[in-house]
Amino acid sequence: MKFCNQCGGTLVQRIPEGDNRPRFVCDHCTTVHYQNPRIVAGCLPVWGSQVLLCRRAIEPRRGYWTLPAGFMENGETLEQAARRETLEEACAELRDLELYMLFDLPHIDQVYMFFRGALTEPTFAPGSESLEVRLFEQADIPWSELAFPTIGRTLECYFSDREQQAFPVRNEAVDALRAKRQRA
Ligand SMILES: [Zn+2]
């Protein structure tokens with residue numbers, strides 16, 4: 001960040017009075033430009049014993065399988081964001097959404113939040129950000145071709161929780177090391 005989006009002035013990095021960490025501050029209009037983690041909202045769509053995955057048409061990780069997810073927009077709720085992403089990427093609609101996985105990714109300043117939900121009907125198609133969308137049985141999940149560690153972990157938890165028919169909300173941190181290892 002170089003310039004103030006309020007007045008166009010040049011920004012400097014310093015600790016504002018009463019604060020405890022460096023911020024981008026505009027010395028011209030005194031605006032402090034806070035930077036905070038971004039929220040990614042997504043879904044784990046389920047149809048019977050199968051789960052829906054999308055093959056990414058965009059970078060990063062083009063060609064790898066993922067769950068429909070994306071950055072939350074201003075003015076929408078978390079659930080609306082998750083539904084919108086599922087519609088955009090998989091042309092699919094869901095019912096009975098339940099919050100399921102919360103991932104902290106402090107190394108990239110993001111928080112991922114996934115819902116579980118059943119497809120209203122088994123109709124879906126690739127949206128503009130997907131090459132392919134399809135249902136997978138547990139035995140057919142392309143574990144080595146998943147786009148991100150959060151996707152693998154969500155599926156792992158789901159299949160394990162499904163055996164108990166109990167789906168507690170989980171909050172886990174994905175550290176940089178684990179992310180690197182799983183991508184390698
Ligand atoms: Zn300014």
Side-chain angles (χ1 to χ4, degrees), residues 1-45 53-94 97-117 126-131 133 146-154 169-184:
M1 210 185 280
K2 274 189 165 174
F3 300 104
C4 176
N5 63 12
Q6 300 295 308
C7 75
T10 305
L11 297 177
V12 293
Q13 227 180 345
R14 62 178 164 78
I15 300 175
E17 205 183 316
D19 205 338
N20 56 16
R21 63 182 71 202
R23 311 283 184 188
F24 287 102
V25 180
C26 177
D27 281 327
H28 186 67
C29 74
T30 73
T31 301
V32 180
H33 297 267
Y34 296 97
Q35 294 183 299
N36 301 97
R38 294 203 287 173
I39 295 173
V40 173
C43 286
L44 167 59
L53 297 179
C54 306
R55 207 152 69 83
R56 291 172 64 83
I58 52 169
E59 297 294 349
R61 307 291 279 166
R62 187 177 195 277
Y64 287 80
W65 292 93
T66 192
L67 293 166
F71 291 112
M72 211 176 156
E73 300 286 0
N74 290 343
E76 64 185 2
T77 66
L78 187 66
E79 184 177 320
Q80 284 166 348
R83 286 183 185 279
R84 176 180 51 71
E85 291 292 341
T86 306
L87 199 58
E88 286 175 4
E89 295 178 13
C91 305
E93 298 204 48
L94 303 171
L97 287 191
E98 304 240 27
L99 192 58
Y100 186 41
M101 301 293 294
L102 279 70
F103 293 105
D104 292 295
L105 292 91
H107 59 294
I108 50 171
D109 303 318
Q110 293 178 5
V111 177
Y112 271 54
M113 301 192 185
F114 286 101
F115 291 85
R116 273 182 313 115
S128 61
E129 293 181 7
S130 305
L131 297 169
V133 176
L146 298 179
F148 307 107
T150 49
I151 306 302
R153 183 63 185 146
T154 299
V169 175
R170 294 167 192 271
N171 180 200
E172 299 184 359
V174 178
D175 60 47
L177 208 67
R178 189 176 149 207
K180 205 181 285 177
R181 193 171 62 230
Q182 290 207 354
R183 278 181 184 217

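Just so you know, these numbers come straight off a predicted model, no measurement behind them. Remember, it's 1-based here, ligands and their atoms both numbered in the order they're listed.
- For the atom pair CZ of Arg23 and CG of Leu11, the computed distance is 14.0 Å after rounding to the nearest 0.5 Å.
- Counting only protein N, O or S atoms, 4 lie closer than 2.8 Å to the Zn ion (ligand 1).
- Thr86 contributes no side-chain N or O that, together with a main-chain N or O of Pro68, makes up a donor-acceptor pair within less than 3.5 Å.
- Residues Leu102 and Val111 are not in side-chain contact: their nearest non-hydrogen atoms beyond the backbone lie 4.5 Å or more apart.
- Evaluation of the side chain to side chain contact (heavy atoms under 4.5 Å, CB included) rule for Ala90 yields Leu52, Cys54, Ala92, Val133 as partners, not counting sequence neighbours.
- Proximity of a side-chain donor or acceptor of Arg56 to a complementary backbone N or O of Pro60 within less than 3.5 Å is detected.
- Using a 4.5 Å cut-off on side-chain heavy atoms (C-beta onward), Asp175 and His107 make no contact.
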